[in-house]
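Some notes on the structure that comes next.
Throughout, residue positions are numbered sequentially from 1 according to the sequence presented.
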Amino acid sequence: MNEKMWAIGFKESLPIEEADSLVEFTTDRPEPSGHDLLVKVSAVSVNPIDIAVRKGQSEPLQEPRVLGFDAVGTVVSKGKEVTLFENGDRVFYAGSFKRAGSDSEYQLVDERIVGHAPQQMDDVHAAAMPLTSLTAWEALFEQLQIDPEDPKKNAGKTLLIINGAGGVGSVATQLAHLAGLRVIASASRPETIQWCLDHGADQTVNHRKDLVTEVRNLGVQHVDYILELHNIDAQWEAMVELIKPGGRIASITSTKKPVNLTDLKRKSVTFAWEWMFAKSYYGTEDLVSQHENLEKIAKLLDEGKLKSTMTKELHPMNVENIKKAHQLVESQKMMGKVVVK
C-alpha cells in the first residue's frame with residue numbers, strides 16, 4: 001500500500017477569496033526513479049506564475065493541480081541514476097512547469113534542476129530565491145550574453161532593467177551590479193525606488209512616465225542592454241528608441257498584441273525571450289545548467305554577495321496561508337518575495 005501525503009492545489013479558476021480556490025487533499029506519496037529526487041518540502045515561495053496558472057485554467061480539472069515553483073527541502077530518497085545528491089542533502093529549486101508543484105508534503109524533482117541550498121541561509125530566505133535567480137541569471141548571462149566573470153569588460157556598459165523592484169528585477173539588479181555593469185532600474189514609488197538602489201542599481205527611472213525622457217535626463221542616449229520585466233506592449237517603442245545599435249533586449253513578459261521586430265532591424269538589435277521553465281519543459285541538452293547555476297547562486301548567497309529578497313513570511317504551510325500569499329502577489333504591490341514555511 002502506497003504511503004500518503006498532503007498537498008494543496010486547485011481544480012478550477014476561482015477568485016482567491018472563494019473557499020475552493022485552493023484545497024488541501026491527500027494523495028499517494030510518489031516514488032523516485034531515474035534522475036528524480038524525492039524531497040520533503042520545508043518552505044515554498046509564491047510567484048506570479050502561480051497566479052497565472054490558477055487564473056488561466058479554462059475547464060475544471062478532474063484532479064487538483066498542485067502549484068508551487070520555489071522550494072527548500074531535504075532529499076529523502078532518490079532514483080537509480082542520481083549522481084549529484086545524497087539522502088539528507090538540503091536542497092533548493094524552482095521545479096518544472098509540467099510536474100506537480102511544491103505546495104505539498106513531498107515533491108519529485110529532477111536532480112539536474114536542483115542546487116544544494118545555501119548553508120548560511122535559513123529555509124525561509126533560501127526559498128525566495130530559485131525561480132527569480134535562475135530567471136535573472138539566464139536572462140543576463142545567456143540571453144543577453146553578458147559575461148559574469150569579466151567586470152572590467154562590462155564596466156563601460158549600461159543595462160536598463162524595466163521593473164527593478166519586482167522579484168526577478170531585485171535579483172537581476174544585484175547580479176548585473178556584481179558583473180560590473182552600470183545599472184539603471186525603473187521604479188515608480190519612493191519605496192520601490194529605494195529598494196532598487198539598495199539592491200545595486202546605480203540610478204532609477206520611472207516607468208510610469210515617458211521612459212525615453214527619463215533615461216535621457218540621466219545623460220544616457222542609448223543603453224547596451226535592456227531587460228524587460230513589466231509590460232512589453234507598453235514599453236516596446238521606448239525600448240526600440242533607447243537600445244544602442246548592436247544591442248540586446250530580453251523579456252520575460254507576454255505580449256497581448258503583436259510587436260514589430262522589424263523595428264529592431266535598422267539597429268541590428270538582438271531580441272530574446274527568457275522562460276526559466278523552457279529547459280525542463282523540453283528536456284534540453286543543457287538541462288544540468290540549472291543545477292550548475294543554482295550552485296553558483298548558493299555560493300553568492302553564502303558569501304553575502306547576493307541578498308535574499310524575502311520580505312514576508314507566513315507559517316504554517318496550509319491552505320489559509322498559501323491563499324494569503326496568493327493575495328499578496330495578486331495585489332501587485334509586493335516588494336520582494338512572500339514565503340510560506
field: Donor-acceptor contact below 3.5 Å, side chain K307 vs main chain D198
entry: yes
- request: For atom CD of E63, decide whether the heavy atoms of other residues, nucleotides or ligands shown that lie under 6.0 angstrom number more than 12.
  value: no
message: With a 6.0 Å cut-off (strictly less than), is the heavy-atom count around CZ of F25, excluding the residue itself, greater than 12?
response: yes
- request: Using modelled atom types only, decide if a donor and an acceptor are shared between the side chain of D103 and the backbone of I8 within a distance under 3.5 Å.
  value: no
task: Give a yes or no on this: more than 12 heavy atoms of other residues, nucleotides or ligands lie within 6.0 Å of atom CZ of R189.
output: yes
task: Mind telling me whether F69 and F97 have parallel, tilted or perpendicular rings, with 30° and 60° as the class edges?
output: parallel
query: Salt bridge check: are K4 and D28 linked by an N-O gap of less than 4.0 Å?
result: yes
query: What's the shortest heavy-atom distance between L144 and R248, and which atoms?
result: O-CD, 3.0 Å
task: State, with a plain yes or no, whether a side-chain heavy atom of L37 is found less than 4.5 Å away from one of Y93.
output: no
task: Would you verify whether the NZ or CZ of R29 falls within 45 degrees of the ring axis of Y106 while also being under 6.0 Å from that six-membered ring's centre?
output: yes
task: Answer yes when K337 and D70 have at least one side-chain N-carboxylate O distance shorter than 4.0 Å, and no when they do not.
output: yes
task: Return the orientation label for the H291 and F85 ring planes: parallel under 30°, perpendicular over 60°, tilted otherwise.
output: perpendicular
task: Kindly say whether T262 contributes a backbone atom to a donor-acceptor pair with the side chain of N260 at under 3.5 angstrom?
output: yes
- request: State whether the side chain of D302 and the backbone N or O of Q119 hold a donor-acceptor pair below 3.5 Å, judged by distance alone.
  value: yes
field: Gap separating the CG atom of L160 from the CE atom of M239, nearest 0.5 angstrom
entry: 9.0 Å
query: Under 3.5 Å, is there a donor-acceptor pair between the side chain of D202 and the main chain of V183?
result: yes
- request: Output yes when a side-chain donor or acceptor of K267 lies under 3.5 Å from a complementary backbone atom of V240, and no otherwise.
  value: yes
- prompt: Does the pair E241/R216 count as a salt bridge with the N-to-O cut at 4.0 Å?
  reply: yes
message: Quick test of your reading of the model: are E320 and K324 salt-bridged, counting only N-O distances below 4.0 Å?
response: yes
statement: Tightest non-hydrogen contact, residues E111 and H35, listed as OE2-ND1, 2.7 Å
message: If the test is side-chain hydrogen bond (donor to acceptor under 3.5 Å, both in side chains), which one of H230, Q235, E228 qualifies with T253?
response: E228
query: Does N47 use its side chain to pair, donor to acceptor, with the backbone of I49 at less than 3.5 Å?
result: no
statement: When K40, R90, K341 are each screened for salt bridge (charged side-chain N to carboxylate O under 4.0 Å, His left out) with D123, the one that passes is R90
Nearest atoms (heavy-atom pairs only) where K323 meets A19: NZ-O, 2.9 Å
field: Approximate separation, where rounding is to 0.5 Å, of F10 CZ and L61 CG
entry: 5.5 Å
query: Does E274 reach the main-chain N or O of M276 with its side chain, forming a donor-acceptor pair under 3.5 Å?
result: yes
message: So which atom in A127 and which in S45 form the shortest heavy-atom distance, rounded to 0.1 Å?
response: O-CB, 3.3 Å
- prompt: Out of V329, L328, V46, V124, which residue meets the side chain to side chain contact (heavy atoms under 4.5 Å, CB included) rule with K312?
  reply: L328
query: Which atom names give the shortest non-hydrogen contact between A128 and S308, and what distance separates them?
result: CB-OG, 4.1 Å
- request: Give a yes or no answer on whether the side chain of N321 reaches the backbone of N318 with a donor-acceptor pair at less than 3.5 Å.
  value: no
query: Any chance the rings of W236 and F271 have centres within less than 6.0 Å?
result: yes
task: Work out which heavy atom in P148 is nearest to a heavy atom in A179; give both atom names and the distance.
output: CA-CB, 4.2 Å
- prompt: Counting N and O atoms only, with roles assigned by atom type, does the side chain of D233 sit under 3.5 Å from a partner on the main chain of T255, one being a donor and the other an acceptor?
  reply: no
